[in-house]
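Since the structure comes first, as structure tokens, the remarks are kept for the end.
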Amino acid sequence: MAGKVYDVVVVGSGAAGGTLSAHLARHGVGVALVEGGPKINTRTDFNTHAMPFDFPNRHIPTMKPGRQGFDSERSRGVGGKTLTWNAVAWRFSQRDFKGHSYEGAGEDWPMEYKDLEPYYTAIEREVGVCGNRDGLEDLPDGEFLPPVPMKCSDLIVKRGADKLGVKVIHVRKATLSRARFGRPACHFCGNCMAGCDVVAKYNSADVHIAPALKTGRLDLIHNAVVHEVAVSKENRVTGVRYVHRETRAEGEVLGRVVVVACACVQSVALLLMSRSRLYPNGLANSSGHLGKHFIPHFTGGVECFLKDLTGKPPVNDEGFLDHAYVPSFMHNRKRNYARSFGIQFNYQNRRAVGWARDIPGFGKAYKEAVTARYPAFLTFSPYGEMLPNAKSFLDLDTEKKDAYGLPLARRHVTWLDNDLRIFRSMTEWSKRILEAAGAEILAVSDEPRTNHELGGCRMGSDPRTSVVNGWCQSHDVKNLFVVDGSVFPSASEKNPTHTIMALAGRTADHIAGRLKKGEL
């Protein structure tokens with residue numbers, strides 16, 4: 001709204017921005033939530049139940065024809081990646097927060113598990129996380145709805161893993177296994193990463209933003225692609241400037257506090273674009289560490305067929321995707337590297353049968369071989385923790401621009417010896433588990449691939465080597481906060497979204513308290 005000065009301007013409406021905005025509104029704080037993408041009808045806009053044969057070249061677009069959203073990194077939609085995530089929700093452990101203290105490698109967080117524990121609990125209570133209390137030191141238990149049952153393929157893998165002394169547990173997801181909060185339980189109908197048209201799976205648009213809008217303390221400004229966080233000569237951020245996604249008109253939203261919560265790479269890019277006389281190398285970058293220490297998860301993969309399921313009748317088991325998980329188990333085993341890995345698996349997926357190209361044969365015999373293996377196909381996707389290194393960083397490409405005339409973000413990733421040792425170990429363990437389960441191995445990844453993007457705006461206690469402090473507050477500009485995966489000083493091997501949401505809740509409490517005291 002023109003001329004209005006909000007208490008807080010939040011950029012980005014995904015897991016971080018949606019959670020933080022809703023929590024601030026509950027505190028009575030006036031919030032403007034600025035999102036680069038359009039409003040999305042989560043019930044009707046996604047191709048949740050589509051099949052490849054319905055589309056040219058067997059490619060299923062994310063959005064239905066005529067629906068807008070998810071067309072680029074800078075314009076997705078209200079709800080962000082929570083609309084199309086897999087909803088896996090792990091708590092980090094004390095070892096994850098203090099990895100350097102445990103192993104002498106990587107970076108410690110400027111907080112401990114006990115500091116975030118109540119916020120993990122709060123998030124689990126308000127969004128609904130299903131899972132089992134497994135009593136694992138490195139994977140803290142939470143407040144869970146009942147877990148979903150393991151599938152036949154999960155039990156076959158578990159049998160093989162048991163032979164090697166490796167645990168297989170129920171997955172923990174922000175997806176309802178029992179009806180709660182006016183939302184139905186999951187009924188396993190379609191692909192979770194193609195939208196959930198009943199909101200059994202958490203998304204920030206329906207679960208956090210919509211209720212917050214009803215309070216009257218939250219204004220939603222969508223289709224506003226933010227390209228600058230403005231800073232005054234007094235070294236205070238004053239709001240954000242944006243270009244309208246459809247009209248290309250320039251706009252501005254004013255606020256006493258600004259929170260950047262766009263997602264890792266996009267948040268770093270926005271801060272790097274926000275150059276000024278005070279900050280010629282990017283906003284709040286006096287340390288020179290903005291963009292550095294990019295630590296995405298790396299994954300590999302083993303594709304196989306479970307012989308016990310070969311030739312069995314096919315079933316539709318795509319809904320909910322993975323039901324089980326191999327948690328980190330290497331910390332107490334002898335190894336030649338720091339950190340560990342976990343394994344997600346069992347993405348039987350009617351949408352992608354590319355593996356059929358690798359099956360030998362021709363004609364009737366070939367078709368029979370593919371048909372027999374269809375119900376038996378399984379993927380193993382181990383995730384490893386990358387350690388920070390100076391050669392992995394984010395910057396802006398001044399030559400290449402996006403549709404809005406803004407520089408594209410560039411990712412630079414260099415694998416160090418420790419990363420490659422983890423990759424080889426997690427690949428070998430994946431093969432061992434699958435072979436013990438009686439699998440026929442089809443393909444094995446030979447090099448790591450990046451996944452969840454983290455780092456680039458790391459938190460820390462020392463302003464000389466970090467960008468924000470333990471409250472996600474800029475060391476340089478006291479009324480600027482950054483809340484998303486970019487602030488992670490270390491990655492863990494666990495999916496990061498639950499931790500991002502817990503950080504958002506903690507930061508919201510901190511901002512609300514400081515505003516009340518007149519300290520921001």
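Index from 1, following the sequence. Computed from a predicted model, the values in this text were never measured in an experiment.
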>> Under the criterion side chain to side chain donor-acceptor pair (under 3.5 Å), I'd like the reasoning laid out for Asp96 against Tyr113: C-alpha separation, chi angles, the key distance, then a yes or no.
In response: CA-CA 8 Å; Asp96 295 318; Tyr113 173 71; over 6 Å; no

Could you state the interatomic distance from [atom1] ([X]) to [atom2] ([Y]), rounded to the nearest 0.5 Å?
| X | Y | atom1 | atom2 | answer |
| --- | --- | --- | --- | --- |
| Glu399 | Arg410 | CD | CZ | 8.5 Å |
| Ser75 | Asn223 | OG | CG | 8.5 Å |
| Trp90 | Ser492 | CH2 | OG | 11.0 Å |
| Glu493 | Ser340 | CD | OG | 5.5 Å |
| His293 | Glu107 | NE2 | CD | 7.0 Å |
| Cys186 | Phe320 | SG | CZ | 6.0 Å |

>> Show every salt bridge (charged side-chain N to carboxylate O under 4.0 Å, His left out) that has at least one partner inside residues 176-188, sequence neighbours left out.
In response: none

> Between Asp71 and Arg245, does at least one N-O distance fall below 4.0 Å, as a salt bridge requires?
Replying inline: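 Looking at Arg245 together with Asp71, the answer is yes, because their closest N to O distance falls below 4.0 Å.
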
> Between Asp138 and Arg95, is the closest basic N to carboxylate O distance under 4.0 Å?
Replying inline: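 Result for this pair is yes, salt bridge flagged.
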
> Run the side chain to side chain donor-acceptor pair (under 3.5 Å) check on Glu453 and His297 step by step: do they pass?
Replying inline: CA-CA 7 Å; Glu453 295 182 323; His297 280 147; over 6 Å; no

> Does the side chain to side chain contact (heavy atoms under 4.5 Å, CB included) test come out yes or no for Val240 and Val229, once each step is laid out?
Replying inline: CA-CA 4 Å; Val240 301; Val229 179; 4.2 Å; yes

Between the side chain of [X] and the main-chain N/O of [Y], is any donor-acceptor distance below 3.5 Å?
| X | Y | result |
| --- | --- | --- |
| Arg256 | Val9 | no |
| Ser287 | Val467 | no |
| Asp419 | Trp415 | no |
| Thr48 | Ala194 | yes |
| Arg217 | Ala212 | no |

> Who passes side-chain contact (heavy atoms from CB on, under 4.5 Å) against Thr82, sequence neighbours left out?
Replying inline: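 Once residues adjacent in sequence are excluded, the partners of Thr82 under the side-chain contact (heavy atoms from CB on, under 4.5 Å) criterion are Ala15, Trp85, Tyr202, Asn203, Ser204.
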
> Can you check side chain to side chain contact (heavy atoms under 4.5 Å, CB included) on Glu250 and His227, steps first, answer last?
Replying inline: CA-CA 10 Å; Glu250 291 283 337; His227 59 80; 3.0 Å; yes

Does a side chain donor of either [X] or [Y] reach within less than 3.5 Å of an acceptor in the other side chain?
| X | Y | answer |
| --- | --- | --- |
| His244 | Arg248 | no |
| Tyr279 | Asp476 | no |
| Ser445 | Arg449 | yes |
| Ser490 | Trp109 | yes |

Closest approach of [X] and [Y], non-hydrogen atoms and distance?
| X | Y | answer |
| --- | --- | --- |
| Ala185 | Ala200 | C-CB, 3.9 Å |
| Pro184 | Leu176 | O-CD1, 3.7 Å |
| Ser474 | Ala284 | OG-CB, 3.3 Å |
| Ala269 | Arg74 | CB-NH2, 4.0 Å |
| Val148 | Ser177 | CG1-CB, 4.2 Å |
| Asn285 | His289 | OD1-N, 3.1 Å |

Check whether any side-chain heavy atom of [X] lies under 4.5 Å from a side-chain heavy atom of [Y], and answer yes or no.
| X | Y | result |
| --- | --- | --- |
| Asn495 | Asn86 | no |
| Leu321 | Gln344 | no |
| Thr19 | Ile123 | yes |
| Val127 | His208 | yes |
| Phe294 | Arg411 | yes |
| Tyr383 | Phe341 | no |
| Arg91 | Glu124 | yes |
| Val29 | Tyr6 | no |

> When you look at His475 and Asn469, which way does the side chain to side chain donor-acceptor pair (under 3.5 Å) test go after all the steps?
Replying inline: CA-CA 6 Å; His475 290 301; Asn469 64 20; 5.1 Å; no

[atom1] of [X]: more than 12 outside heavy atoms within 6.0 angstrom?
| X | atom1 | answer |
| --- | --- | --- |
| Lys98 | NZ | yes |
| Lys64 | NZ | yes |
| Lys401 | NZ | yes |

>> Working note: Arg506 + His510, criterion side chain to side chain donor-acceptor pair (under 3.5 Å); need CA distance, chi angles, decisive distance, verdict.
In response: CA-CA 6 Å; Arg506 183 172 184 261; His510 179 74; over 6 Å; no

>> Applying side chain to side chain donor-acceptor pair (under 3.5 Å), can you list everything that pairs with Asp197, at least two apart in sequence or on another chain?
In response: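 Counting only residues at least two positions away or on another chain, Asp197 forms a side chain to side chain donor-acceptor pair (under 3.5 Å) with His49.
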
>> The criterion is ring-ring contact (aromatic ring centres under 6.0 Å, His included); which residues satisfy it with Tyr242, sequence neighbours excluded?
In response: none

Return a table of donor-acceptor pairs under 3.5 angstrom between the side chains of residues 481-489 and protein atoms on other chains or two or more places apart.
residue : atom : partner : partner atom : Å
Asp484  : OD1  : Ser486  : N            : 2.9
Asp484  : OD1  : Ser486  : OG           : 2.5
Asp484  : OD2  : Cys262  : N            : 3.4
Asp484  : OD2  : Ala263  : N            : 3.2
Asp484  : OD2  : Ser267  : OG           : 2.4

>> Let's go through Leu33 and Ile221 carefully: what are the C-alpha distance in whole Å and the side-chain angles of both, what is the deciding distance for side chain to side chain contact (heavy atoms under 4.5 Å, CB included) to 0.1 Å, and is it a yes or a no?
In response: CA-CA 6 Å; Leu33 178 55; Ile221 302 168; over 6 Å; no

> Would you call the rings of Phe92 and Phe97 parallel, tilted or perpendicular if under 30° counts as parallel and over 60° as perpendicular?
Replying inline: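 The arrangement is tilted - the two ring planes meet at 30° to 60°.
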
>> Please enumerate all residues that pass salt bridge (charged side-chain N to carboxylate O under 4.0 Å, His left out) together with Arg43, with sequence neighbours excluded.
In response: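 Scan of Arg43 (salt bridge (charged side-chain N to carboxylate O under 4.0 Å, His left out), adjacent residues dropped) gives Asp206.
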
> Run the salt bridge (charged side-chain N to carboxylate O under 4.0 Å, His left out) check on Asp509 and Arg26 step by step: do they pass?
Replying inline: CA-CA 10 Å; Asp509 281 0; Arg26 291 177 200 166; over 6 Å; no

